[in-house]
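Keep in mind that this is a model prediction, so the values were computed, not measured. Below, chain A is the first sequence line, B the second, and so on; all start at residue 1.
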2 protein chains.
Amino acid sequence: MPDPVAPVSNLGFAILGLLARRESTGYEVAQRMRQPIGYFWTARHSQIYPELNRLDGAGLVEHEVIDGAGPRPTKRYRITTAGQTALAAWVVGDLEPQPVRDLEVLRLWSIWTVDPDAADDLIGRLEATHQRILDRYLEELAQITDSPGGRDPANPLFASRITLEGGIRSRRTALEWCAWMRTELAAAVR
Amino acid sequence: MPDPVAPVSNLGFAILGLLARRESTGYEVAQRMRQPIGYFWTARHSQIYPELNRLDGAGLVEHEVIDGAGPRPTKRYRITTAGQTALAAWVVGDLEPQPVRDLEVLRLWSIWTVDPDAADDLIGRLEATHQRILDRYLEELAQITDSPGGRDPANPLFASRITLEGGIRSRRTALEWCAWMRTELAAAVR
DNA sequence: CTCACCATGTAACCCGTTACATGATTGC
DNA sequence: GCAATCATGTAACGGGTTACATGGTGAG
């Protein structure tokens, strides 16, 4: 029987969430995780393959060997009932507040050491990257809102929709904040 | 002479930013970094002491041994001119977009696997933690806005003020998003 | 007497990125 | 022929957390 005290990492729950939506080969899991799933999580294949093996050993996923192109056997993974239970328990489990770590803000915290022109330029570049990401989110949301499942809380599209909405709101807020910072800089230069 | 190609880590720039504001012992740096500096970066002493030694070796900080209570010599660190130059160059340097990684959103992405009551409860707990952090930010901002340096872009308080403002805006947005998610859940249950 | 604080350091471990490794098939 | 895609894995390394280690001073 599988190890009952096997601790599952956050990456493990990310993968379980992915397989709960639809079964996949390890390769497909890696493809789906290259672009942020839930718009807030990424991983590479070098992390995913070992984690899939751990989840398999813990009985949270199971696999079936299928025909494939690789030199090693191709495996199709599926979440087990135990995996679904563990995932649901984690979702509603205790939240300890995670330490925030944001490189952009760390830079801004030392922005007083550069002259206002360079500061304004930096904030302009920040704005541009936020805008690009916002545009991408808006496109993705447009595709989801068309389908009816997005209104049903038991449908994965519902969760995709609300996390995407969170991303959109936070990027919009970041853009407003950038504009505000520029006026603060300009007000002082005068 | 110091190694000219020594790469400085993000932690290194966080420490330089701290020492650019005021000189400190390693212990004091660790104290100041326990609560997020710039409201978006933390570190422990076990990371800080080795990094201070690296910065010292690279000539970006210098130290003076002073009287102190520890079993080893107590050192007071100060940023050097080279350190100030390196810090300012990093602030305005290229930004590669950092991959987002948010545990809260990763959970929400799998919220469709639990029943709406548990989902509502989870979001309620999210709201509470955001609210607590927002309250703390607002208190800190109240202390800064009183002092006049906050209006001068060359004053460290200016940078503290704008990063704090960013934190406040993002927490307020998160709270609005939580409230919105609850209405979306309620709309579907009906 | 014990606890908290000052003060600096090291070691083990986890998580993530980059790079190395293998090998078949399909399109240019 | 060469690159891209499918397909799975390992190894080296960097950053971060937790825990171990040392020892003096002052407060309760």
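Atom P of nucleotide C:dG16 and atom CZ of B:R101 are separated by 5 Å, given to the nearest angstrom. In this structure, B:R54 places its CZ atom 12 Å from P of C:dG9, rounding to the nearest Å. Counting to the nearest Å, the C1' atom of D:dG23 and the CZ atom of B:R72 are 9 Å from each other. The separation between A:D56 atom CG and D:dT8 atom P is 12 Å, rounded to whole Å. Straight-line distance from the OH atom of B:Y49 to the C1' atom of D:dT17: 16 Å, rounded to whole Å. We find that CD1 of B:I48 is positioned 13 Å from C1' of C:dG9, with the value rounded to whole Å. Spacing between atom CD of B:E64 and atom P of C:dA7 amounts to 14 Å, rounded to whole angstrom units.
Atom OG1 of A:T163 and atom CD1 of B:I111 lie 10.0 Å apart (nearest 0.5 Å).
When heavy atoms are screened at a 4.0 angstrom cut-off, A:S46 is found touching base atoms of the nucleic acid.
When the side-chain nitrogen and oxygen atoms of A:K75 are compared with OP1 and OP2 of D:dC6, none of them lie within a distance under 4.0 Å. The side chain of B:Y27 places no N or O atom within less than 4.0 Å of a non-bridging phosphate oxygen (OP1 or OP2) of C:dT8. Considering only side-chain N and O atoms, A:Q47 lies nowhere under 4.0 angstrom from the phosphate OP1 or OP2 of C:dC15. Side-chain N/O atoms of A:R44 include one lying less than 4.0 angstrom from OP1 or OP2 on C:dT18. Contact between the side-chain N/O atoms of A:R76 and the OP1/OP2 oxygens of D:dA7 is not found at any separation under 4.0 Å.
Side chains of B:R21 and B:S160: a donor on one and an acceptor on the other come within 3.5 Å.
Scanning atom types as modelled, no donor and acceptor separated by under 3.5 angstrom connect the side chain of A:T74 and the base of D:dT8.
Between B:Y77 and B:H63, the ring-plane angle classifies as tilted under the 30° and 60° cut-offs.
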